Amino acid sequence: MLSFENDYQEGACPQILARLIETNLEPLSGYGSDFYCERAKEKIRQACECPQADIHFLTGGTQTNQVVIDSMLAPYEGVAAAATGHVSLHEAGAIEFTGHKVLALPHHEGKILAEELEASLRAFWEDPNHEHMVFPGMVYISHPTEYGTLYTKAELEHLSSICEAYEIPLYLDGARLGYGLMSDRTDVTLSDLCRCCDVFYIGGTKVGALCGEAVVFPKSNAPRHFLTRVKQHGALLAKGRLLGIQFDMLFTDDLYFLLSRHAIDMSELLKAGLKKKGCPFYLESPTNQQFLLLTDAQIERLKRFTTFSFWEKPDEEHIVVRLATSWATTEESVRALVEAFDEILA
C-alpha cells in the first residue's frame with residue numbers, strides 16, 4: 001500500500017536520527033538552555049539574515065499557534081484568519097480554548113486578500129458599537145496555505161502595511177514553510193518574512209524532524225517573559241536539547257532546504273504524471289500538496305492503492321482529496337501511484 005496521506009507520516013531524516021544518537025549521552029542543561037539550542041538559533045538567524053531575531057523552540061504546530069497567539073493578544077482581542085485557516089478549522093478550537101475568538105475572513109484558494117482585510121478592520125473601527133465586539137488584535141496567515149497555495153512578496157508586503165497601519169501584528173504559520181520557500185513559483189525568502197512579519201515559525205515536524213517548530217520574532221519583539229508563557233501552557237520541553245539538536249542539523253549544509261526541495265520535485269513529478277493521465281485537479285498548487293477532484297467511484301478505487309486525505313465535498317458527485325509528498329517520498333512510489341490511475345480513472 002502506497003501512502004500519500006500527509007507530509008509527517010515518516011519519522012525523521014537519517015541525519016537527524018544519527019545526530020540524536022551521537023549526542024544522546026551528553027549531559028546538557030534543560031529547557032532549551034543548552035549549547036545545541038543556542039547554536040541552532042544562531043544558524044537560523046544567519047539563514048534569515050536577521051541577527052536580532054529572538055527564537056524559541058516548541059514541539060508542534062497547534063501548540064505553537066496557541067502559545068504565540070495567546071501570548072500576543074490582550075484578553076479582549078481575537079485573531080483574524082482565513083475561514084479555511086488551520087486555526088479556524090483543524091485545531092479543535094485551541095485558540096478559542098484560551099479565550100480568544102478566531103475572526104474568519106473570506107478566502108481565495110486559502111489566501112486572504114489585503115483589500116478585504118483592510119475593509120474588515122475599517123468596518124470594525126467605524127462601527128460605533130465596536131467596544132461591545134471582539135477586537136481584531138492580530139492577523140494570521142499560513143505559507144503555504146491549507147490549499148498548498150503561496151503568497152507573493154507583494155501580497156505579504158501589502159498585508160504587512162495594513163497590519164502596521166492598524167498597529168496589529170502579522171503572524172505567519174510556517175508548518176510547511178520549507179516547501180513554500182523551495183517552490184519554483186515563489187519570490188519569498190526567509191529575509192522577506194523577517195521584514196514583513198512580526199512573528200512566524202519555521203516548521204520542522206513536516207520537514208524532516210521528529211518534531212519541532214522554531215518561532216522567530218524578527219524585530220526583537222517577543223512578548224515579555226515569553227518562556228514563562230510557554231511553560232504556563234505546558235509547552236516547555238524539559239529536554240529542550242531534542243529540538244535544538246534537530247534544528248542545528250536542519251540548518252547545517254542547507255539540509256532543511258534540500259529536504260524541502262526533494263518533496264517539491266516529487267510533487268511536480270506526481271502532478272505531471274497525473275495531468276498526463278487526464279486526472280482532474282481541484283486547483284493549481286505549486287507546493288507539495290496536490291488536490292484532486294474525483295467521483296465517489298474513483299475514490300473507492302483510489303483506496304485500493306494508497307492512503308490520502310479527505311479534504312472537502314464541493315458537490316453531491318465529487319470529493320476533493322489531497323495527495324501530499326514529503327522529504328521522504330520516493331520516485332518509485334510516485335511512479336507506482338501514477339500508473340495506478342489508469343485503473344482509478346477507468
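Predicted model only: the values in this text are computed from it and were never measured.
Taking 4.0 Å as the cut-off between side-chain N and carboxylate O, Lys101 and Glu77 do not count as a salt-bridged pair. Ion pairing between Arg241 and Asp248 fails under the 4.0 Å rule for side-chain N and carboxylate O.
A continuous path of hydrophobic side-chain contacts links Val216 to Phe251 [ILVMFWY only; heavy atoms under 4.5 Å]. Linking Ile, Leu, Val, Met, Phe, Trp and Tyr whenever their side-chain heavy atoms come within less than 4.5 Å puts Tyr201 and Leu227 in one cluster. Transitive grouping of hydrophobic side chains (ILVMFWY, heavy atoms separated by less than 4.5 Å) keeps Val215 and Tyr256 in distinct clusters. A continuous path of Ile, Leu, Val, Met, Phe, Trp and Tyr side chains, each step under 4.5 Å between heavy atoms, connects Leu121 with Leu172, placing both in one hydrophobic cluster. By the criterion of side-chain heavy atoms lying less than 4.5 angstrom apart, applied directly or through intervening Ile, Leu, Val, Met, Phe, Trp or Tyr residues, Val188 is not grouped with Leu150; the two fall into different hydrophobic clusters.
No side-chain heavy atom of His158 sits under 4.5 Å from any side-chain heavy atom of Thr152. Val207 has its side chain out of reach of Trp327: every pair of non-hydrogen atoms, C-beta onward, lies at least 4.5 Å apart. Lys153 is not listed as a side-chain neighbour of Leu156, based on a closest heavy-atom distance of 4.5 Å or more. Counting heavy atoms from C-beta outward, His233 and Gln66 have side chains that approach closer than 4.5 Å. Between Pro169 and Met138 the shortest side-chain heavy-atom distance falls below 4.5 Å. Side-chain contact check for Leu323 versus Leu274: some heavy-atom pair is nearer than 4.5 Å. Contact annotation: the side chain of Tyr179 never approaches that of Gln289 to less than 4.5 Å [non-hydrogen atoms, C-beta and beyond]. Side-chain atoms of Thr329 and Ser333, non-hydrogen and from C-beta on, do get closer than 4.5 Å to each other.
Of the inter-residue distances, the one linking Leu2 atom CG with Arg335 atom CZ reads 14.0 Å to the nearest 0.5 angstrom.
In terms of modelled atom types and a separation under 3.5 Å, the side chain of Asn221 and the main chain of Lys219 share a donor-acceptor contact. Looking only at distances, no side-chain donor or acceptor of Glu118 sits under 3.5 Å from a matching main-chain atom of Glu115. Checking side-chain atoms of Thr64 against main-chain N and O of Gly60 turns up a donor-acceptor pair under 3.5 Å. Under a 3.5 Å cut-off, the side chain of Arg45 and the backbone N or O of Cys50 do not form any donor-acceptor pair. With Thr23 contributing its side chain and Arg19 its backbone, the two residues share a donor-acceptor pair below 3.5 Å. Under the 3.5 Å distance criterion, the side-chain polar atoms of Ser160 are matched with a main-chain donor or acceptor of Cys196. For Gln246 (side chain) and Leu210 (main-chain N/O), a donor-acceptor pair under 3.5 Å exists by modelled atom type. Of the possible polar contacts, none joining the Thr145 side chain to the Gly110 backbone as a donor-acceptor pair under 3.5 Å is found. With Asp254 contributing its side chain and Phe257 its backbone, the two residues share no donor-acceptor pair below 3.5 Å. Panel note: side chain Ser220, backbone Gln52; a donor-acceptor pair is recorded below 3.5 Å.
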Would you mind writing out the side-chain donor-acceptor pairs for residues 337-346 within the sub-3.5 Å range, not counting sequence neighbours?
{"from": "Asp342", "atom 1": "OD1", "to": "Lys277", "atom 2": "NZ", "distance (Å)": "3.0"}
{"from": "Asp342", "atom 1": "OD2", "to": "Lys277", "atom 2": "NZ", "distance (Å)": "3.1"}
{"from": "Glu343", "atom 1": "OE2", "to": "Arg304", "atom 2": "NH2", "distance (Å)": "2.5"}

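Looking at every heavy atom in both residues, Phe124 comes nearest to Val134 through CE1-O, 3.4 Å. The shortest heavy-atom contact between Glu284 and Thr149 is O-CG2, 4.1 Å. Minimum interatomic distance between Thr325 and Asp7 (heavy atoms only, all atoms of both residues): O-CB, 3.5 Å. In terms of heavy-atom proximity, Ala81 sits nearest to Val87 at CB-CG2, 3.9 Å. The shortest non-hydrogen separation linking Thr287 to Ser183 is CG2-CB, 4.4 Å. Cys48 approaches Cys194 most closely through the heavy-atom pair CB-SG, 3.5 Å.
Using bins of under 30°, 30° to 60° and over 60° for the plane-to-plane angle, the ring pair His130/Phe135 lands in the perpendicular bin.
Side-chain rings of Phe281 and Phe291 stay apart, their centers remaining 6.0 Å or farther from each other. Residues Tyr147 and His107 place their aromatic rings such that the two centres sit under 6.0 Å apart. Checked against the 6.0 Å centroid criterion, the rings of Phe217 and Phe226 qualify as a close aromatic pair. Two rings, from Phe308 and Phe4, have their centers 6.0 Å or more apart.
In this model, a donor atom of one side chain and an acceptor atom of the other lie less than 3.5 Å apart for Thr59 and Gln63. His86 and Asn65 form no side-chain donor-acceptor contact under 3.5 Å, judged by distance and modelled atom types alone. No hydrogens or angles considered: a donor-acceptor pair under 3.5 Å links the side chains of Ser326 and Glu10. A donor-acceptor pair shorter than 3.5 Å can be found between the side chains of Glu116 and His108. Side-chain polar atoms of Ser267 and Gln290 form a donor-acceptor pair below 3.5 angstrom. In the model, His100 has a side-chain atom that pairs as donor or acceptor with a side-chain atom of Asp70 under 3.5 Å. Side-chain contact of Asp198 with Tyr171: a donor-acceptor pair under 3.5 Å is absent, judged by distance alone.
Stacking of Lys111 on the aromatic ring of Tyr151 is recorded, both the 6.0 Å distance cut-off and the 45° axial limit being met.
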Working for side chain to side chain donor-acceptor pair (under 3.5 Å), residues Thr84 and Glu146: CA-CA 7 Å; Thr84 54; Glu146 294 297 286; over 6 Å; no

Under the criterion side-chain contact (heavy atoms from CB on, under 4.5 Å), I'd like the reasoning laid out for Arg176 against Asn288: C-alpha separation, chi angles, the key distance, then a yes or no. CA-CA 9 Å; Arg176 294 184 170 91; Asn288 71 312; 4.1 Å; yes

If you apply the rule salt bridge (Lys or Arg N to Asp or Glu O under 4.0 Å), what do you find for Glu42 with Arg39, and how did you get there? CA-CA 5 Å; Glu42 186 54 36; Arg39 190 167 70 179; over 6 Å; no

Determine, step by step, whether Lys239 and Asp34 satisfy the salt bridge (Lys or Arg N to Asp or Glu O under 4.0 Å) criterion, reporting the C-alpha distance in whole Å, the side-chain angles of both residues, the deciding distance to 0.1 Å, and the verdict. CA-CA 9 Å; Lys239 295 184 180 180; Asp34 61 274; over 6 Å; no

Pair Phe57, Phe247 - check ring-ring contact (aromatic ring centres under 6.0 Å, His included), show working. CA-CA 9 Å; Phe57 297 118; Phe247 274 95; 5.2 Å; yes

Could you go through the side-chain contact (heavy atoms from CB on, under 4.5 Å) check for Arg261 and Asp265 one step at a time? CA-CA 6 Å; Arg261 182 63 224 184; Asp265 289 341; 2.7 Å; yes

Salt bridge (Lys or Arg N to Asp or Glu O under 4.0 Å) between Asp253 and Lys43, worked out: CA-CA 10 Å; Asp253 297 329; Lys43 289 180 179 180; over 6 Å; no

Side chain to side chain donor-acceptor pair (under 3.5 Å), that's the test. Do Thr205 and Glu213 meet it? Break it down for me. CA-CA 7 Å; Thr205 300; Glu213 328 296 331; 2.4 Å; yes

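The side-chain hydrogen bond (donor to acceptor under 3.5 Å, both in side chains) test with Tyr282 is passed by exactly one of Glu312, His318, Glu109: Glu312.
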